[in-house]
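Below: one structure, written as structure tokens.
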Amino acid sequence: MDTDYGMFQTISHSTELQWVNVAIALSFILFDIGVSSVFRLGLSTSLFIAAARCTGQLAVVATLLQKVFETENPWLVSLIAFVLNFLGTFETVINKSKRRFQYMFPAVLIGMVGSTIPVSIIGTRYAMSVEPFWTPIQYIPIVGMLCGATISGVVVSVSYVLKELVENRDKIEIYLAFGATRMEACRPIANEALRLALTHPINNMSVLGIIAIPGMMTGAILGGSSVHQAAKLQMIIIFMITASTTLASIFTTFSAILVSVDREHRIRSDRIQDTSRNKAGRLIGAGAGAVKKGVQGVGGGVKWVVGSVRSRMSVRMYSDDTGSERERLLG
């Protein structure tokens, strides 16, 4: 491989970044926290936690990858590639998707692995001329970039399909009632989902270079590569990202359709889970429980006050009656 591919080298031979430099850069986050406090956005805690997570995660990853780069073990590289895809699937299914379909996790995992791994192998071996293709210092960052970019496409496509199956169910059932198969009835939905998933990569390719200089190209230049080599590397990576996003989006889109519309051509709403409603329901339930406990507490307090007043009134009336009877007997 050409030595000009310095993207994965250290930033400069004469400059070594220290934690002091990171602390200086952290002042930008402090500025954001200050803006959040002034405008009362309520994001100060989130910004601090996100910055802390970013720092900790990158520090741990840097330590682990340094060990992997030194060992150059292909099985360890394969394990890390799978872990990256697994974590990407977890992020997609658990944190990013408002609606989920049954068996979504294995479907997304297969789609991620089946797209990022072949594309990364072919692209690294033949487009980037890296031999062996699994060389850790090149292959692992490539897989990581493909996973990160593929997530957005999968989320967009699956979210659109499930949204249409839930909100426009009647329209789809009309097609099914007139004899259309599940794929014929859902073809417009699948086409639109894939179009939306590919819109972001297309827009990225359209603005690269003239309007925006991507961080990948900037990193290669800072690493010592020539500008021309950095530009070629950027072209290769963005083409790989587009292909990986396309493959994963196609697989997960049709998986969502095949699971949500069964072989009898019926829309199975029981196989679609609305996570936003579940969260809202849990919040409402917790709020209702708190209100109920509060009402019970207030009711208990009122009963105690009423009981105390009644007992005092009873004692006072008893003492008044006793005094009157004593006066009558002595009078």
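It should be emphasised that the depicted structure is a prediction, and the values quoted were computed from it without experimental measurement.
- Applying the salt bridge (Lys or Arg N to Asp or Glu O under 4.0 Å) definition to pairs two or more places apart or across chains, those involving residues 71-96 are Glu91-Lys96.
- The cluster map of Ile, Leu, Val, Met, Phe, Trp and Tyr, joined by side-chain heavy atoms under 4.5 Å apart, puts Ile122 and Val113 in different clusters.
- Hydrophobic clustering (side-chain heavy atoms under 4.5 Å, transitive across Ile, Leu, Val, Met, Phe, Trp, Tyr) groups Leu87 together with Val68.
- In this structure, the side chain of Asn21 engages the main chain of Gln18 through a donor-acceptor pair within 3.5 Å.
- Under the 4.5 Å side-chain heavy-atom criterion for grouping Ile, Leu, Val, Met, Phe, Trp and Tyr, Leu76 is connected to Ile121 within one hydrophobic cluster.
- Scanning all heavy atoms of the two residues, the minimum distance from Tyr175 to Ala185 falls at CB-CB, 3.7 Å.
- Applying the ring-ring contact (aromatic ring centres under 6.0 Å, His included) criterion to Phe133, with sequence neighbours excluded, gives Tyr139.
- Within the 3.5 Å criterion, the main-chain N or O of Val93 finds a donor-acceptor partner in the side chain of Arg100.
- Thr253 places no side-chain N or O within 3.5 Å of a backbone atom of Ile250 that could act as its donor or acceptor partner.
- For the atom pair CE (Met235) and CG (Leu208), the distance works out to 10.0 Å, reported to the nearest 0.5 Å.
- With a 4.5 Å cut-off on side-chain heavy atoms, Ser157 and Thr252 count as touching.
- Atoms CD1 and CD1, on Ile172 and Ile189 in that order, are 3.5 Å from each other to the nearest 0.5 Å.
- Side-chain contact between Thr89 and Thr92: absent, with no pair of heavy atoms (C-beta onward) separated by less than 4.5 Å.
- Applying the ring-ring contact (aromatic ring centres under 6.0 Å, His included) criterion to Tyr103, with sequence neighbours excluded, gives no partner residue.
- At most 12 heavy atoms of other shown residues, nucleotides or ligands fall within 6.0 angstrom of atom CZ in Arg187.
- How far CD of Gln66 is from CD1 of Ile137: 8.0 Å, rounded to the nearest 0.5 Å.
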Next on the checklist: side chain to side chain contact (heavy atoms under 4.5 Å, CB included) for Asp270 and Gln102? Distances and angles first, verdict last.
Outcome noted: CA-CA 9 Å; Asp270 57 309; Gln102 194 175 12; 5.8 Å; no
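- Side-chain contact between Pro141 and Leu65 is absent, with no heavy-atom pair separated by less than 4.5 Å.
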Item to check | Candidate pair Ile151 and Val154, rule side chain to side chain contact (heavy atoms under 4.5 Å, CB included), full reasoning | outcome: CA-CA 5 Å; Ile151 287 175; Val154 172; 6.0 Å; no
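- Looking only at distances, no side-chain donor or acceptor of His265 sits under 3.5 Å from a matching main-chain atom of Thr181.
- When all heavy atoms are compared, the tightest approach of Thr245 to Ala149 is OG1-O, 3.8 Å.
- Side-chain atoms of Val35 and Phe31, non-hydrogen and from C-beta on, do get closer than 4.5 Å to each other.
- In this structure, CD1 in Ile241 is found 11.5 Å from OG1 in Thr246, a value given to the nearest 0.5 Å.
- For residues 141-165, every residue pair satisfying the salt bridge (Lys or Arg N to Asp or Glu O under 4.0 Å) rule, not counting sequence neighbours, is listed here: Lys163-Glu167.
- In plain terms, the two heavy atoms of Ser97 and Met104 that are nearest each other are OG-CE, 3.3 Å.
- Both Val261 and Val166 sit in one connected hydrophobic cluster of ILVMFWY residues. Membership requires side-chain heavy atoms under 4.5 Å apart, directly or through other members.
- Taking every heavy atom of both residues into account, Ala127 and Ile236 meet most closely at O-CD1, 3.5 Å.
- Sorted by first then second residue, the salt bridge (Lys or Arg N to Asp or Glu O under 4.0 Å) pairs that include residues 188-209, not counting sequence neighbours, are Glu192-Arg195.
- No donor-acceptor pair closer than 3.5 Å links the side chain of Arg99 to the backbone N or O of Ile272.
- Side-chain contact check for Val143 versus Asn85: some heavy-atom pair is nearer than 4.5 Å.
- Pairing each heavy atom of Ser260 with each of Phe101, the nearest pair is OG-CB, 4.0 Å.
- A donor-acceptor distance shorter than 3.5 angstrom exists from the side chain of Thr275 to the backbone of Lys98, with no hydrogens or angles considered.
- Between atom CZ of residue Arg40 and atom OG of residue Ser37 there is a gap of 10.5 Å, rounded to the nearest 0.5 Å.
- Counting heavy atoms from C-beta on, the side chains of Leu233 and Gln229 never come closer than 4.5 Å.
- We find the CD1-OG1 distance between Ile142 and Thr116 to be 12.0 Å, quoted to the nearest 0.5 Å.
- Transitive grouping of hydrophobic side chains (ILVMFWY, heavy atoms separated by less than 4.5 Å) keeps Val22 and Val20 in distinct clusters.
- Contact check for Leu198 versus Ser249: no side-chain heavy atoms found under the 4.5 Å cut-off.
- Arg182 places a side-chain N or O within donor-acceptor distance of the main-chain N or O of Leu258, the cut-off being under 3.5 Å.
- With sequence neighbours excluded, the residues that form a ring-ring contact (aromatic ring centres under 6.0 Å, His included) with Phe105 are Phe86.
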Next on the checklist: Trp75 vs Leu79, test: side chain to side chain contact (heavy atoms under 4.5 Å, CB included). Steps then yes/no.
Outcome noted: CA-CA 6 Å; Trp75 295 108; Leu79 176 62; over 6 Å; no
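- With contacts defined as side-chain heavy-atom distances shorter than 4.5 Å, the pair Asp170/Glu173 qualifies.
- At distances below 3.5 Å, at least one donor-acceptor pair connects side-chain atoms of Ser36 with backbone N or O atoms of Leu43.
- Remark: the backbone N or O of Val156 is not paired with any side-chain donor or acceptor of Ser159 at under 3.5 angstrom.
- Contact record, Ser115 with Thr150: OG-CG2, 4.3 Å, taken as the closest heavy-atom pair.
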